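Worksheet: the structure to be examined is printed underneath.
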2 protein chains.
Amino acid sequence: MIELDKTDLKILSVLQQEGRLSNLELAEAINLSPSPTLRRLKRLEQEGVIAQYVALLEPAKIGLGLEAFVRVMLDKRERQFAAFAQAVQGWPEVVTCHAMAGEMDYLLRVVFEDLAHFSRFVMDTLLQHPGVVDVKSSFVLQAIKQTTALPLAHLARPQG
Amino acid sequence: MIELDKTDLKILSVLQQEGRLSNLELAEAINLSPSPTLRRLKRLEQEGVIAQYVALLEPAKIGLGLEAFVRVMLDKRERQFAAFAQAVQGWPEVVTCHAMAGEMDYLLRVVFEDLAHFSRFVMDTLLQHPGVVDVKSSFVLQAIKQTTALPLAHLARPQG
DNA sequence: TCAATATTGGCATTTTATGCCAATGCTGCG
DNA sequence: CGCAGCATTGGCATAAAATGCCAATATTGA
């Protein structure tokens, strides 16, 4: 694994919350001068520790007030896993999709405008896809926690 | 809802993928000069359409190779919902937590280093929390799709 | 304690952000 | 169809930030 010292962790921690800080602001936040701050940042990007910078939008402000988790079961005999994975990439309502152990089904997280929209997605898109044998939807009542920040504490031992 | 024209949508679309573009680069990407680009961007931030900028880290590079979804059932008689929601905020392994309709339970997405770490989390943290009566874990085999980008197509009608 | 190596801080230069104003494009009304 | 009024853009000047370089400082191991 990549060597990350305390200063690197500070950088990562700050940028996980404020990804568009200028180098100057970042430097101030981590208590280091701009030059080495920038060098470290470039290294973290280079090494791929920082995978991407993104703007997070407020779903409600763009008319996406509803959210659901959908469990999709595929007919195992059809060997359509790759095709399904491919199709998922093209469905913008699907924000995440994971292949799950155990039942070997898929868990999708879906955002949508209203029930009509969701209904269309399930009926016209999901259920039309070859190999999809069943779909179980659970609606989100409330987002209790929603973060993109990964924990870093496990790296902050002696000088890891 | 906030008025967003075609140009605003282009800005949002670009920044959902590359959140740290300079204003100059953003302007070029959306084919507009820097001045109005910056004005629009500030407005989108001001209005709260853009909620936050973040750096996304590569889990594997920081030793977080495993992921699971955990369904948590609370004893409804104990009225501990708020306390649970509060506690979740302080558990860094929990990346998202949603209250679900139907069974009225919680669905957590959890990242961790190894099974020992996960085991500790479940035994020492989750199951120790008052009101937690049951926990069902499903491990992620594969992340098929993982995006923070919300769909914008539904806003791109005539001139909405 | 000293030498070798890695890291930092500060400065000069290039690039970018930002505020302002005139020019351009759009809208609605006569 | 043309014009007035409003909104948006482009470009320029100034302020701020990024970036590369080098000497100074800190760290490591013997």
Side-chain angles (χ1 to χ4, degrees), chain A residues 1-58 61-63 152-160, chain B residues 1-58 61-63 152-160:
Chain A
M1 203 173 357
I2 291 119
E3 276 295 298
L4 300 174
D5 67 13
K6 217 158 186 160
T7 306
D8 292 321
L9 295 182
K10 277 201 269 184
I11 292 178
L12 295 177
S13 171
V14 169
L15 290 180
Q16 281 198 116
Q17 298 302 325
E18 300 198 69
R20 212 177 152 89
L21 282 187
S22 72
N23 185 58
L24 244 50
E25 293 167 315
L26 176 61
E28 184 169 17
I30 66 167
N31 244 308
L32 186 67
S33 68
S35 270
T37 301
L38 186 63
R39 265 193 306 265
R40 281 167 177 273
L41 177 58
K42 294 297 179 191
R43 171 173 162 253
L44 293 169
E45 294 171 357
Q46 194 60 44
E47 304 264 30
V49 178
I50 296 178
Q52 193 184 6
Y53 297 95
V54 299
L56 302 181
L57 309 189
E58 187 60 48
K61 300 259 175 166
I62 55 172
L152 300 173
H154 63 291
L155 301 172
R157 253 76 58 111
Q159 187 56 291
Chain B
M1 202 175 357
I2 291 119
E3 278 292 300
L4 299 173
D5 67 13
K6 215 157 186 161
T7 306
D8 291 321
L9 295 182
K10 277 200 269 184
I11 292 176
L12 295 177
S13 170
V14 169
L15 290 180
Q16 283 198 114
Q17 298 301 326
E18 298 198 70
R20 212 178 152 90
L21 281 187
S22 73
N23 185 58
L24 245 47
E25 294 168 316
L26 176 61
E28 183 169 19
I30 66 167
N31 242 308
L32 185 67
S33 69
S35 271
T37 301
L38 186 63
R39 266 194 305 268
R40 282 168 177 272
L41 177 58
K42 293 297 178 192
R43 172 172 162 256
L44 292 169
E45 293 171 357
Q46 194 60 45
E47 303 263 31
V49 178
I50 296 177
Q52 193 184 7
Y53 297 94
V54 299
L56 303 181
L57 309 189
E58 187 58 47
K61 300 257 174 168
I62 55 173
L152 299 173
H154 63 290
L155 300 171
R157 253 77 60 111
Q159 187 56 292

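Note that the coordinates shown come from a computational prediction; the quantities given were computed from them, not determined experimentally.
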May I ask you to say what R40(B) touches in the nucleic acid, namely base, sugar-phosphate or nothing, with a heavy-atom cut-off under 4.0 Å?
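Contact class for R40(B): sugar-phosphate only.
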Contact class for S33(B) (heavy atom, under 4.0 Å): base, sugar-phosphate, or nothing?
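S33(B): base contact, heavy atoms under 4.0 Å.
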For dT19(D), take OP1 and OP2 only and decide whether either is under 4.0 Å from a side-chain N or O of K42(A).
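True: K42(A) side-chain N/O within range (under 4.0 Å) of dT19(D) OP1/OP2.
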Give a yes or no on whether the backbone of L21(A) and the side-chain of R20(B) come within a donor-acceptor separation of less than 3.5 Å.
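Between the backbone of L21(A) and the side chain of R20(B) there is a qualifying donor-acceptor contact (under 3.5 Å).
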Starting at [atom1] of [X] and ending at [atom2] of [N], how long is that distance when rounded to a whole Å?
| X | N | atom1 | atom2 | answer |
| --- | --- | --- | --- | --- |
| L38(A) | dT7(C) | CG | P | 15 Å |
| N31(A) | dT7(C) | CG | P | 19 Å |
| D5(B) | dG25(C) | CG | P | 17 Å |
| L26(A) | dT19(D) | CG | C1' | 15 Å |
| L24(B) | dG10(D) | CG | P | 13 Å |
| E28(B) | dG11(D) | CD | P | 14 Å |
| K6(B) | dT9(D) | NZ | P | 15 Å |
| L41(B) | dG19(C) | CG | P | 13 Å |

So, for E58(B) and A51(A), which heavy atoms are closest and what is the spacing to 0.1 Å?
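Closest approach of E58(B) to A51(A): OE1-CB, 3.7 Å.
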Within the supplied structure, the quantity of interest is the number of heavy atoms (other residues, nucleotides, ligands) at a distance under 6.0 Å from E28(B) CD; does it exceed 12?
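Not buried by this count: 12 neighbours or fewer within 6.0 Å.
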Value rounded to 0.5 Å, distance of CD1 in I30(B) from OG1 in T37(B)
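Spacing of CD1 (I30(B)) from OG1 (T37(B)) equals 4.0 Å.
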Working to the nearest 0.5 angstrom, can you tell me the gap between L44(A) CG and K61(B) NZ?
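L44(A) atom CG to K61(B) atom NZ measures 11.0 Å (nearest 0.5 Å).
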Check every atom of [options] against the side chain of [X] and return the nucleotide holding the closest atom.
| X | options | value |
| --- | --- | --- |
| N23(A) | dG19(C), dT19(D), dG20(D) | dT19(D) |
| L32(B) | dT18(C), dA17(D), dG10(D) | dG10(D) |
| S22(B) | dT16(C), dG10(D), dG10(C) | dT16(C) |

With nearest nucleotides of DNA chain C determined for R39(A) and R20(A) from heavy-atom distances, which residue corresponds to the more 5′ nucleotide?
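First, find each residue's nearest nucleotide; the 5'-ward one identifies R39(A).
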